[in-house]
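See below for the structure under consideration.
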Protein chains: 4
Amino acid sequence: MGDRPSYDRKLLQILRDAAGVFAEKGYHRASIRDISAATDVSLSGLYYYFSSKEELLFLVQNHCFGTLLARLEEDLGQTTDPAARLRIVVRNHLHFFLDNMEEMKVLSHEADVLTGKYRETIQRRKRSYADTVHGILSELRPADGPDLRTATFALFGMMNWIYTWYNPDRDLRAEEMEEELLHLFLNGFLAPRNRRSDGEGGDSAPMEHSSIWRSG
Amino acid sequence: MGDRPSYDRKLLQILRDAAGVFAEKGYHRASIRDISAATDVSLSGLYYYFSSKEELLFLVQNHCFGTLLARLEEDLGQTTDPAARLRIVVRNHLHFFLDNMEEMKVLSHEADVLTGKYRETIQRRKRSYADTVHGILSELRPADGPDLRTATFALFGMMNWIYTWYNPDRDLRAEEMEEELLHLFLNGFLAPRNRRSDGEGGDSAPMEHSSIWRSG
Amino acid sequence: MGDRPSYDRKLLQILRDAAGVFAEKGYHRASIRDISAATDVSLSGLYYYFSSKEELLFLVQNHCFGTLLARLEEDLGQTTDPAARLRIVVRNHLHFFLDNMEEMKVLSHEADVLTGKYRETIQRRKRSYADTVHGILSELRPADGPDLRTATFALFGMMNWIYTWYNPDRDLRAEEMEEELLHLFLNGFLAPRNRRSDGEGGDSAPMEHSSIWRSG
Amino acid sequence: MGDRPSYDRKLLQILRDAAGVFAEKGYHRASIRDISAATDVSLSGLYYYFSSKEELLFLVQNHCFGTLLARLEEDLGQTTDPAARLRIVVRNHLHFFLDNMEEMKVLSHEADVLTGKYRETIQRRKRSYADTVHGILSELRPADGPDLRTATFALFGMMNWIYTWYNPDRDLRAEEMEEELLHLFLNGFLAPRNRRSDGEGGDSAPMEHSSIWRSG
DNA sequence: AATGAATGAGGGTTCATTCAT
DNA sequence: CATGAATGAACCCTCATTCAT
């Protein structure tokens with residue numbers, strides 16, 4: 001009675017396996033036949049669980065993002081202190097990212113693929129996530145602090161870029177990474193403006209540069 | 001070497017057009033027919049300029065990266081001061097990125113596509129670029145400063161992520177962006193360790209968190 | 001034979017619904033899933049009532065044709081006068097056709113689809129139907145009247161083509177249509193040969209025609 | 001120089017071969033692979049000549065119909081006498097039909113398949129053809145003659161139904177068929193109304209009929 | 001230096017059908 | 001009786017690539 005759980009469990013397993021395939025080969029190079037092999041479900045059998053390859057990608061991204069956001073909201077409920085909230089954001093994001101690197105790579109890397117309703121849904125959630133962080137930073141920002149939009153996306157860039165270089169055998173654990181990135185970002189974000197950003201004295205005369213700025 | 005210039009000029013135009021197509025649709029979704037339409041060269045005519053779609057991607061990436069690195073080297077020759085050199089790196093990267101967003105998006109986004117020799121060539125250059133920045137940061141790093149690998153890629157992440165959010169009508173010009181990111185990064189990177197990264201007092205007792213760290 | 005009636009009633013409903021789907025989309029474009037949706041019976045549940053899509057088509061056609069022929073035989077028993085019998089045929093065919101347009105469209109339009117025993121059964125009945133009409137016409141035919149086979153199928157053509165153009169809001173009721181077609185057919189069929197068929201004088205010199213008769 | 005003729009010739013051959021396949025198996029049961037086999041052109045090679053299976057059907061139908069109408073117009077230009085014009089219509093239609101039975105079967109039988117622009121184009125031409133015949137008949141029609149719409153489509157029905165029964169070894173040649181059908185139709189169409197259509201005396205009392213008219 | 005014509009391989013998707021329950 | 005879940009076969013179509021010209 002109530003077989004839905006069985007259906008759901010199988011769907012979740014398919015999403016996980018599919019994420020692995022998408023992460024490894026990229027969405028477009030991955031074929032449904034690859035998914036079939038990875039999931040041990042027949043090619044046509046897969047279509048019982050989703051109705052198109054694009055929907056599969058959406059399900060992967062949406063489930064992944066949904067879990068990320070659900071956990072974030074839960075933890076964000078604990079405090080209203082902006083610095084603590086920022087730490088929660090970074091901690092949540094990094095831990096989730098490193099624990100679910102394949103899904104998060106798919107979420108980060110295949111952002112442009114979705115169209116129509118699928119795209120809108122994911123984009124709305126991303127925007128809302130970014131707005132949350134933006135809001136936290138706006139509370140934290142010193143008088144003449146950095147441009148908020150730039151800072152927000154710089155933080156996301158630091159974190160989302162990880163899938164391109166992270167090597168678990170070589171790089172920091174999630175807790176250490178959290179410490180490093182928070183240190184890096186927060187000290188930069190909170191630093192007073194007149195302290196020269198290049199760490200030097202005042203003589204930052206515009207450097208000569210030859211051919212760099214011509215386009216192309 | 002009589003009409004090489006004509007050949008070269010046409011090839012460069014093809015690379016530019018192809019970069020536009022790759023940037024818009026992604027490498028895999030872009031077809032040679034799309035390139036043919038964008039370049040106004042017949043489908044088979046294109047194969048006079050490259051021998052496979054993969055080689056075309058390589059040429060796009062290699063030319064783009066080559067220009068970026070050539071300009072960097074030229075400007076880096078002006079000084080040995082690490083802070084000045086870091087500014088040069090960021091300035092060069094950002095200006096080039098914003099001036100050649102399509103090519104740079106292709107370079108950043110389609111990093112996994114290439115195989116064999118093509119892949120090696122690009123990866124070698126990327127590693128050498130990262131090593132340069134890593135070297136500069138190692139000269140700059142305070143006694144108990146951040147992990148160098150993490151910091152290096154955090155910097156690249158901040159910069160390379162730009163193509164996902166940058167809107168020329170809304171966001172900062174290259175010069176301002178340079179200032180913002182340098183400020184953000186350098187103050188974080190140089191900040192002394194004991195100054196708590198969360199900008200708060202000392203009581204950063206490990207926060208309670210409930211369900212966050214379970215994977216999946 | 002307790003609940004056979006229930007089985008039969010449900011089967012008949014399925015046949016009616018299936019006829020609607022086949023009529024609308026055509027046999028091949030209609031999927032069993034479409035039938036499932038139209039009947040509100042689950043996909044696999046349908047197979048309790050028929051063993052293949054082809055059998056379903058056969059059942060639809062056979063039941064439809066069976067009803068048509070049963071009614072025809074019943075009414076044909078009333079008289080041996082060939083003219084009256086022809087009227088009965090036309091009346092029966094037209095009324096049944098207009099009252100069961102969907103089924104009759106399927107019977108007319110999907111004649112080639114069936115194979116094997118199914119095909120033979122339907123074809124035998126169709127031949128027998130045509131033979132009946134052929135027999136009536138042979139009794140009616142004047143001395144140098146029209147070719148019987150041609151006339152028989154001309155009559156069927158007039159009637160069976162109806163599904164391609166009939167619009168209940170615009171076209172005649174069954175009774176009027178019966179009158180019109182009988183008038184049209186019978187006056188033509190009984191007309192003496194020497195009365196020129198083109199309604200003109202005798203000078204039907206073969207018309208000049210230029211390029212018409214080359215094939216292709 | 002001017003290879004278009006070669007391209008056109010090949011396309012026309014493909015249309016002919018495709019018509020044969022469509023006529024034999026029906027549009028939906030015919031696969032592009034079947035067309036490939038019949039034309040001796042590779043599966044993908046076919047798509048150089050059309051862009052979808054539906055377009056192929058359109059091209060077949062449109063070319064066939066176009067030829068039919070072109071010849072008709074040419075011959076219709078010869079006279080304004082309605083009876084002569086009707087004969088021209090029937091002659092043209094029957095000859096073309098019997099000479100190009102496969103194409104005409106596809107045109108008649110697969111009328112519902114096309115969608116969108118393709119459908120509109122064909123339907124427009126069909127309507128215009130029917131209007132032409134309708135116009136001729138309206139000139140010919142006696143005072144209380146048959147309903148024009150019914151008569152027009154009765155004529156088309158007689159002619160278009162042919163593909164379902166015609167056997168060249170057994171049935172009349174085009175010229176004879178023309179004579180028979182014209183005789184049949186014209187005498188019926190021109191016959192005065194009060195001459196009872198059943199060819200009998202006046203006693204056509206409404207016949208008794210039992211169960212015929214119940215629907216279903 | 002360039003192209004029209006052609007192709008093999010593979011891709012996403014649908015479908016009639018089955019079978020355990 | 002009825003269904004959810006699953007599948008093999010087939011289908012339409014696209015693509016990178018080639019080759020004669």
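Numbered from 1 within each chain, the chains take letters A, B, ... in sequence-line order.
In this structure Asp17(A) satisfies the salt bridge (charged side-chain N to carboxylate O under 4.0 Å, His left out) test with no other residue, sequence neighbours excluded. With sequence neighbours excluded, no residue forms a ring-ring contact (aromatic ring centres under 6.0 Å, His included) with His28(D). Residues passing the salt bridge (charged side-chain N to carboxylate O under 4.0 Å, His left out) test with Lys10(D), sequence neighbours excluded: none.
If you take OH of Tyr7(A) and P of dA6(F), they are 10 Å apart, rounded to a whole angstrom. The distance between atom CZ of Arg9(C) and atom C1' of dC1(F), rounded to the nearest whole Å, is 16 Å. Look at CG on Leu46(C): it is 14 Å from C1' on dT18(E), rounded to the nearest Å. Tyr48(C) places its OH atom 21 Å from the C1' atom of dA16(E), with the value rounded to the nearest Å.
The aromatic rings of Tyr163(B) and His109(B) stand perpendicular to each other, their planes meeting at an angle above 60°, with 30° marking the opposite boundary.
For the pair Lys105(A) and Phe22(A), the cation-pi criterion (under 6.0 Å, within 45° of the ring axis) is not fulfilled.
In terms of modelled atom types and a separation under 3.5 Å, the side chain of Gln61(D) and the main chain of Glu110(D) share a donor-acceptor contact.
Listed nucleotides: dG4(E), dG8(E), dG4(F). Nearest to the side chain of Ser42(B): dG4(E).
In DNA chain F, runs of at least 3 stacked Watson-Crick or G-U pairs (N1-N3 plus N6-O4 or O6-N4, or N1-O2 plus O6-N3, all under 3.5 Å) give these stems: E:2-21 with F:2-21.
Sorted by first and then second residue, the side chain to side chain donor-acceptor pair (under 3.5 Å) pairs involving residues 41-52 of chain C (not counting sequence neighbours) are Ser51(C)-Glu55(C).
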When you check every protein heavy atom under 4.0 Å of nucleotides 11-16 of chain F, what one-letter string (B, S, -) results, 5' to 3'? SBBBBB

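Distance check: Tyr27(B) OH to Asp112(B) CG gives 13.0 Å after rounding to the nearest 0.5 Å.
Between Lys10(C) and dA2(F), a side-chain N or O to OP1/OP2 separation shorter than 4.0 Å is present. For the pair Tyr49(B) and dA2(E), the criterion of a side-chain N or O lying under 4.0 Å from OP1 or OP2 is met.
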